[in-house]
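Proteins come first, then strands; the chains are lettered A, B, ... in the order of their sequence lines, and each starts at number 1.
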2 protein chains.
Amino acid sequence: MSTLTVSDVARESGVSGSAVRFYERQGLITAGRTSGNQRRFGPEAACRVRVARVAQRIGLSVGEIRELLAALPPDPEPADWQALHERLTAEAEQRIRELHAALDDIRSGRKLCEL
Amino acid sequence: MSTLTVSDVARESGVSGSAVRFYERQGLITAGRTSGNQRRFGPEAACRVRVARVAQRIGLSVGEIRELLAALPPDPEPADWQALHERLTAEAEQRIRELHAALDDIRSGRKLCEL
DNA sequence: CTAAAACTGAAACAAATGTTTAAGTCAAGG
DNA sequence: CCTTGACTTAAACATTTGTTTCAGTTTTAG
């Protein structure tokens, strides 16, 4: 059942209305339409937006997040959540490794010019 | 003595010529000019660009890098390098901490929607 | 029924980080 | 000298992640 308006989702997920529309355009969330062409979201929409924000903290782009969320059904089962967790965790660890590598370079004692 | 051309600096620092001009416009490096108005860089320019690339790996913006490099004289003394090392290291550690915080949230066991 | 609040798409704007293109100038080698 | 490759500025373009504005439409509460 799609009952939530743009501003409902915005309020529940903590982003702006324009961001909600943007995310729909980008395929991170999907919406039905009223007879008057207004968007109506299911209750999972706000959740997906929150997941998207978490993924953004990790450094994923909207395109990457779209692919991530593409694997998340409207009504996810525990296995879906688990897969998402693993992918997000792996991404975060990857970025952390990259930063550590940069840090190790900085600390290597070599001149910064020679990195 | 300023003898290096744009493409010299580009080659030595591993960035494109347009990036070298961009960095000069942004104040990361400075250049003299020939009588014919062409840029000529000192030997430290390529080094500064390399430092800038390291800082970018850490996630600093060009504006932040400008401020970082503003504290680096054309012919830096060991203390200058040390200060730069410390600032870069602190920034990297900060970003790593932020990622760890995100990772901890993800692993907290709470639903991703509730972060 | 009506007035206010929320919604619509399209397009312009914004900031960051460069790249590309155009038309023209300079420098270096033979 | 003269050709060729490198240089110049300015502006347009590209991408990302949205925000703002416009003019008009829909929904909702009273």
Side-chain angles (χ1 to χ4, degrees), chain A residues 1-42 45-46 48-69 91 95 102, chain B residues 1-42 45-46 48-70 91 95 98 102:
Chain A
M1 204 181 320
S2 293
T3 58
L4 303 176
T5 65
V6 166
S7 40
D8 289 335
V9 173
R11 190 172 2 81
E12 284 186 31
S13 63
V15 305
S16 67
S18 65
V20 170
R21 293 191 188 91
F22 176 72
Y23 293 150
E24 194 225 10
R25 269 204 307 285
Q26 297 298 316
L28 275 56
I29 50 179
T30 56
R33 295 289 176 143
T34 65
S35 59
N37 195 39
Q38 293 194 1
R39 291 171 186 82
R40 288 297 182 271
F41 297 90
R48 291 173 73 94
V49 172
R50 282 171 174 274
V51 171
R53 303 304 290 200
V54 172
Q56 280 189 324
R57 281 174 71 192
I58 303 302
L60 298 189
S61 70
V62 167
E64 290 168 324
I65 296 171
R66 174 177 37 239
E67 304 196 359
L68 204 65
L69 288 178
E91 287 285 355
R95 315 256 162 176
Chain B
M1 203 184 315
S2 293
T3 58
L4 304 176
T5 65
V6 166
S7 40
D8 289 336
V9 174
R11 188 172 3 83
E12 284 187 30
S13 63
V15 306
S16 67
S18 65
V20 170
R21 293 190 189 92
F22 176 72
Y23 294 151
E24 195 225 11
R25 270 204 309 285
Q26 297 298 315
L28 274 54
I29 51 181
T30 56
R33 294 288 176 144
T34 65
S35 59
N37 195 37
Q38 294 194 357
R39 291 172 186 81
R40 287 298 182 269
F41 297 90
R48 291 174 72 93
V49 172
R50 282 171 174 273
V51 171
R53 302 305 290 200
V54 172
Q56 281 189 324
R57 279 175 71 191
I58 303 302
L60 299 188
S61 70
V62 167
E64 290 168 324
I65 296 170
R66 173 175 40 236
E67 304 196 358
L68 205 65
L69 287 179
E91 288 284 355
R95 315 257 160 177
E98 288 166 6

*So which heavy atom on A:Ser13 is nearest to which on A:Ala46, and how close?*
CB-O, 3.7 Å
Restricting both atoms to N or O, compile the protein contacts to nucleotides 10-15 of chain D shorter than 3.5 Å, with distance only.
none

*asked:* Donor-acceptor pair, distance only, cut-off 3.5 Å: does the side chain of A:Thr5 make one with the backbone of A:Asp8?
replied: yes
*Under 4.0 angstrom, heavy atoms only, what part of the nucleic acid is B:Arg11 near: base, sugar-phosphate, or nothing?*
nothing
_As a test of reading the structure: which of D:dA6, C:dT8, C:dG18 is closest to the side chain of B:Ser7, going by heavy atoms?_
D:dA6
*Nearest-nucleotide wise, let me know which of A:Thr5 and B:Gly17 is further upstream toward the 5' end of DNA chain C.*
A:Thr5
*Given D:dG18, is OP1 or OP2 found less than 4.0 Å from the side-chain N or O atoms of A:Tyr23?*
yes
_Minimum-distance pair of heavy atoms, taken over all atoms of A:Ile65 and A:Ala52_ = CD1-O, 3.5 Å
Give me the distances for all protein-to-nucleotides 24-27 of chain C N/O pairs that come in under 3.5 Å?
from	atom 1	to	atom 2	distance (Å)
C:dA27	OP1	B:Thr34	OG1	3.2

Can you list, pair by pair, the side-chain donor-acceptor contacts under 3.5 Å of residues 22-31 of chain B, counting residues two or more places apart and other chains?
from	atom 1	to	atom 2	distance (Å)
B:Tyr23	OH	B:Arg53	NH1	2.6
B:Glu24	OE1	B:Arg39	NE	2.7

*Whole-Å gap separating C1' (D:dT9) and CZ (B:Phe22)*: 16 Å
*Rounded to the nearest 0.5 Å, how far does OG of A:Ser2 lie from CZ of A:Arg33?*
11.5 Å
*asked:* Under 4.0 Å, counting only non-hydrogen atoms across every strand here, what does A:Gln26 touch: a base, just sugar-phosphate, or nothing?
replied: nothing
_Quick check: do A:Leu60 and A:Arg95 have side-chain heavy atoms less than 4.5 Å from each other?_
yes
*May I ask you to decide if B:Ala45's main-chain N or O and B:Arg50's side chain share a donor-acceptor pair within less than 3.5 Å?*
no
*With pairs taken as Watson-Crick or G-U wobble and both distances under 3.5 angstrom, which stems of at least three consecutive pairs involve DNA chain C?*
C:1-30 with D:1-30
*Which residues pass the side chain to side chain donor-acceptor pair (under 3.5 Å) test with B:Ser16, sequence neighbours left out?*
B:Ser18
*Hey, can you pull the residues of residues 58-70 of chain B with a non-hydrogen atom under 4.0 angstrom from DNA chain D?*
none
*Base, sugar-phosphate, or nothing: which does A:Arg39 touch, judged by heavy atoms less than 4.0 Å apart?*
sugar-phosphate
*For A:Ser18, report the nucleic acid contact type (base, sugar-phosphate, nothing); a contact means any heavy atom under 4.0 Å.*
base
*Quick one: pull up CD in A:Glu91 and CD in A:Glu64 and give me the separation to the nearest 0.5 Å.*
6.0 Å
*Side chain to side chain, B:Gln56 and B:Val62, heavy atoms closer than 4.5 Å*: yes
*How long is the line joining CD of A:Glu24 and C1' of C:dC7, in whole Å?*
13 Å
*Considering all heavy atoms of both residues, which atom of A:Thr3 and which atom of A:Arg40 are nearest to each other, and what is their separation?*
O-CD, 3.8 Å
_A:Leu4 side, atom CG; A:Arg11 side, atom CZ - distance, nearest 0.5 Å_ = 8.5 Å
*Find the distance B:Gln56:CD to C:dT17:P and express it as a whole number of Å.*
7 Å
*Expressed in angstrom and rounded to an integer, what is the separation of A:Arg21 atom CZ from D:dC22 atom C1'?*
14 Å
*Heavy-atom closest pair, residues B:Ala55 and B:Leu68*: CB-CD2, 4.3 Å
